[in-house]
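Residue numbers start at 1 and run along the sequence shown. Heavy-atom basis, side chains included; hydrogens, waters and symmetry copies ignored.
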Amino acid sequence: MTQPTWPSLEAIAQAVRACRACDLHRTRTQAVPGEGPATARVMLIGEAPGAHEDRTGRPFVGAAGKTLDRLLNLAGLRREQVFITNLVKCRPPKNRDPRPAELAACRPFLRGQIALLDPVLIFTLGRFALQYFFPGARIGQLHGKPVQRGSRWIVPMYHPAAALYRPALAPVLEADFRAARPLVARLLNTQA
Ligand code: SF4
């Protein structure tokens, strides 16, 4: 099947808000296309919107969002610099895992966002986002380890929400984001 090519991130966002390609459209309050500058060189990809995101239509705005802001700072980044989105753009009921059919239906949107942004660095957040790039990979083995793919780097991270319900992961996440700081500085030509 030919994949759609999108003229802009806003065109993708509009298509997401109107999308009914999977059952998640039935239970969403608002779709959450993702946000950040069209010039962003760093992208963060999570799993799916949660309750706060579903209400506001914005990614990572709840407690996990506050954690993410702090983690970004450790890596030498600010939220305004990065583009943040999820694998699926509508909230799964009761925050259950996204199903394979939902992941497949939503894939063209993320693919389009990556193609338009062409980021030099992608942080994947959690195991589902990791497996988008590395099918079958385990987050416990790959977290914090940058992988180069052509001119792009992918850094798998635990999901910031994991630190909220598994406090032992908080220092691991902090160490991984802090360790990414020199790579961020090198790729963006900034001070570490
Ligand atoms: S999750 Fe993705 S594919 Fe499913 S309805 Fe929402 S935007 Fe469409």
Side-chain angles (χ1 to χ4, degrees), residues 8-20 22-99 102-103 105-107 109-110 112-114 116-117 119 121-130 132 139 143 155-167 169-170 172-174 176-178 180 184:
S8 66
L9 293 168
E10 186 47 39
I12 295 178
Q14 284 175 15
V16 164
R17 292 188 192 105
C19 180
R20 294 174 170 215
C22 83
D23 280 348
L24 294 181
H25 85 272
R26 296 179 196 283
T27 46
R28 73 183 174 209
T29 308
Q30 293 194 60
V32 185
E35 66 183 29
T39 52
R41 303 182 66 210
V42 177
M43 196 170 173
L44 284 92
I45 303 173
E47 181 178 314
H52 293 284
E53 292 77 15
D54 177 67
R55 266 199 302 278
T56 59
R58 300 184 54 213
F60 284 90
V61 288
K66 287 203 175 68
T67 303
L68 182 62
D69 288 349
R70 209 165 37 76
L71 293 167
L72 282 172
N73 290 342
L74 293 175
L77 290 163
R78 286 170 290 109
R79 179 183 277 244
E80 310 80 71
Q81 281 179 280
V82 301
F83 191 91
I84 306 179
T85 190
N86 286 297
L87 292 180
V88 295
K89 316 299 193 194
C90 303
R91 183 192 181 202
K94 298 185 182 161
N95 290 354
R96 65 159 169 74
D97 288 347
R99 294 179 175 144
E102 295 157 357
L103 289 162
C106 218
R107 218 174 162 90
F109 298 126
L110 179 60
Q113 288 169 326
I114 295 172
L116 283 167
L117 285 160
L121 176 59
I122 295 176
F123 289 104
T124 60
L125 306 173
R127 75 187 157 100
F128 281 94
L130 166 69
Y132 178 91
I139 186 73
H143 70 90
V155 188
M157 297 291 190
Y158 281 108
H159 197 287
L164 300 174
Y165 55 81
R166 279 176 66 193
L169 280 184
V172 178
L173 259 165
E174 285 171 11
D176 285 348
F177 271 89
R178 203 177 283 116
V184 169

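In this structure, the side chains of Ile12 and Pro33 stay at 4.5 Å or more apart for every pair of heavy atoms. Side-chain contact between Leu87 and Pro98 is absent, with no heavy-atom pair separated by less than 4.5 Å. Residues Thr124 and Pro156 meet the side-chain proximity criterion, which asks for heavy atoms closer than 4.5 Å. In this structure, the side chains of Val82 and Phe123 stay at 4.5 Å or more apart for every pair of heavy atoms. Taking 4.5 Å as the limit, some side-chain heavy atom of Leu110 sits within range of a side-chain heavy atom of Met43. By the 4.5 Å heavy-atom criterion applied to side chains, Gln113 and Leu9 are counted as neighbours.
Annotation: the span from Ile139 atom CD1 to Leu169 atom CG amounts to 9.5 Å, rounded to 0.5 Å. To the nearest 0.5 Å, atom CG of residue Leu44 and atom OG1 of residue Thr85 are 10.0 Å apart. The CG atom of Leu125 sits 10.5 Å away from atom CG of Leu130, with the distance rounded to the nearest 0.5 Å. Interatomic distance, Ile122 CD1 to Ile114 CD1, rounded to the nearest 0.5 Å: 4.5 Å.
Remark: Arg127 engages Asp97 in a side chain to side chain donor-acceptor pair (under 3.5 Å) (not counting sequence neighbours). Residues meeting the side chain to side chain donor-acceptor pair (under 3.5 Å) test with Gln30, sequence neighbours left out: none. The salt bridge (charged side-chain N to carboxylate O under 4.0 Å, His left out) test applied to Arg78 returns Glu80, not counting sequence neighbours. Under the rule for a side chain to side chain donor-acceptor pair (under 3.5 Å), the partners of Arg70 that lie at least two apart in sequence or sit in another chain are Glu174.
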(Q) Set out, in order, the CA-CA distance, both residues' side-chain angles and the distance that settles side-chain contact (heavy atoms from CB on, under 4.5 Å) for Leu68 and Ile84, then state yes or no. (A) CA-CA 10 Å; Leu68 182 62; Ile84 306 179; 4.0 Å; yes
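Within the structure, the salt bridge (charged side-chain N to carboxylate O under 4.0 Å, His left out) test picks out the following pairs touching residues 43-67 (sequence neighbours left out): Glu35-Arg58. Screening residues 8-20 for salt bridge (charged side-chain N to carboxylate O under 4.0 Å, His left out) gives Glu10-Arg17 as the qualifying pairs, with residues at least two apart or on separate chains.
When the options Leu24, Thr29, Val32 are evaluated for a side chain to side chain contact (heavy atoms under 4.5 Å, CB included) with Cys90, the one that passes is Leu24. The one candidate from Tyr165, Phe128, Phe60 that meets the ring pair (Phe, Tyr, Trp, His ring centres under 6.0 Å) condition with His159 is Phe60.
In this structure, the side chain of Thr27 does not engage the main chain of Pro92 through any donor-acceptor pair within 3.5 Å.
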